[in-house]
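As structure tokens, the structure follows; a few thoughts come after it.
In the text below, chain A, chain B and the rest are named by the order of the sequence lines, each starting its count at 1.
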2 protein chains.
Amino acid sequence: MSNLSISEENYLKAIFHLYKHGEGIGTNAIARHLDTKPASVTEMLKKLADKKLLTYEKYQGVVPTRKGFTLALGVIRKHRLWEYFLVEKLKLKWDEVHEIAEQLEHIQSDLLVEQLDAYLGFPKLDPHGDPIPDKDGKMCAMNCCCVSEIKPNSNARIFGVKNHTSAFLKHLEKLNLTIGKTFTLVNRNDFDQSVELVLNKQTMHISKEVAENILVEKLK
Amino acid sequence: MSNLSISEENYLKAIFHLYKHGEGIGTNAIARHLDTKPASVTEMLKKLADKKLLTYEKYQGVVPTRKGFTLALGVIRKHRLWEYFLVEKLKLKWDEVHEIAEQLEHIQSDLLVEQLDAYLGFPKLDPHGDPIPDKDGKMCAMNCCCVSEIKPNSNARIFGVKNHTSAFLKHLEKLNLTIGKTFTLVNRNDFDQSVELVLNKQTMHISKEVAENILVEKLK
DNA sequence: ATATTTTTTTAGGTGCGACTAAATTATATT
DNA sequence: AATATAATTTAGTCGCACCTAAAAAAATAT
Ligand SMILES: [Mn+2]
Ligand SMILES: [Mn+2]
Ligand SMILES: [Mn+2]
Ligand SMILES: [Mn+2]
């Protein structure tokens, strides 16, 4: 089987997350995402290309192959299952699990993953609203967008987050903006793209940065 | 805090397991235990000595310090808690968990370990009968010995195993020699040190190798 | 006490995954 | 089209954890 190092798995995951249909992914983008240097990325891309996990041509950016895609999904599946476990079973908070899942996602054992999935009752979403790929890499399609994309005078329910850092999640908690909450977006300020919304009859303001990282489903 | 690499943790664990009060542990013994070469061990011992995790003098063998001891116990605690989790919650078999726990024992998060311990109900023994150190490194004293050490005509209850390999555990399963079972040792053959015992009124023979790896508590 | 064997260390090297600095190619600007 | 800027690759190093072969020390046998 494909036995990948932790570094190789992290590169595949980054490439998966950066991939937009059609476009090749740049060395710089990968370096930024992994907090490493472009020179290191170039070397790794050559190695992953040798293993047929992506197609690489000098200066042309990179595109994952079917195989690379599948392996990335396997890592993401583990990440999200472990996050679900940590929150639902071990009672950690949603801002405490990402770092730990970054470690657990590299544990190698198909048996473990399948038993964990069954034990958790085959969950479809992780604690941040991200879909959990099943055994075959399939995951539920999502119909959601950022708060920064919805129009004034619309109702929305919080579906998930785009940023997984503890700092951001704690901030949301403090604002009472957690998954499942519904609100009305009343206004967007042209000046700084900040947003005014009403939650539980209380008016509140959130910055553009926060609005861009909250995912919602539009209501009615 | 002490941030150790996976290799460093494995060396500390090996040294802990090989340690017999007073005696220094030889480079060869550690190499054999970790399936590596003596030259590699020497290098690592110097590094661990620099970190004050053991005392090392050329050619004199090695003794763990208080700190090295404590860190090793932390890794062993995690290993055994995860094994317990895998058997009791995920329903893996006792011969399927050791290899996975070898990976899980290196996950770094104090919060995770304490929550896992609580979730499992603070278990005292792992699936192989080994004691699980608590938060402070304390573990229940054990009063057991190998089958190869008990006298003919004595009754005993199986308490645990010394060998954790899948091959050995599956063999025991087949012989119905699992934890909690009681038997009478009726004879030991001088020729090959094999042992004759009665379990559920059935007489059976086990080799010296098997007898050396089964731990029992003597009854009455 | 000397010679042999075993254990341990040293010396020198490898692959991996990172780095910096410099060179090269691609893209944008004028 | 020539030039400036940005992205990417190459070249050369480094630390870690391993290796083999050879040297040195300790333990054992004669
Ligand atoms: Mn996450
Ligand atoms: Mn998540
Ligand atoms: Mn084990
Ligand atoms: Mn065990």
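With sequence neighbours left out, the salt bridge (Lys or Arg N to Asp or Glu O under 4.0 Å) criterion links B:E99 to no other residue. With sequence neighbours excluded, the residues forming a ring-ring contact (aromatic ring centres under 6.0 Å, His included) with B:H98 are B:H79, B:H164, listed by chain and number. Residues meeting the salt bridge (Lys or Arg N to Asp or Glu O under 4.0 Å) test with A:D130, sequence neighbours left out: none.
As rounded to whole Å, 15 Å separates atom C1' of C:dC19 from atom CG of A:L34. One interatomic measurement links the two molecules: CG of B:L48 to C1' of D:dC16, which rounds to 13 Å at whole-angstrom precision. As a whole-Å value, the separation of A:M44 CE from C:dC16 P is 10 Å.
Listed for the B:R80 side chain is a donor-acceptor partner under 3.5 Å among the backbone atoms of B:P131.
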A correct 5'-to-3' footprint of nucleotides 6-13 of chain C, with B, S and - meaning base, sugar-phosphate only and no protein heavy atom under 4.0 Å, is -SBBB---
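Between B:T36 and D:dC19 there is a side-chain N or O to OP1 or OP2 distance below 4.0 Å.
Within the structure, side chain to side chain donor-acceptor pair (under 3.5 Å) contacts touching residues 10-27 of chain A (residues at least two apart or in different chains) are A:N10-A:H106, A:K13-A:E102, A:K13-A:E105.
Electrostatic pairing of A:E114 and A:R77 counts as a salt bridge here, judged by a charged N lying under 4.0 Å from a carboxylate O. By the 4.0 Å N-to-carboxylate-O rule, A:E173 lies too far from A:K93 to be salt-bridged with it.
Shown for residues 6-23 of chain A: residues whose heavy atoms fall under 4.0 angstrom of DNA chain C, namely A:S7, A:Y11.
Judged by a 6.0 Å distance limit and a 45° cone about the ring axis, A:K89 is not positioned over the six-membered ring of B:F85.
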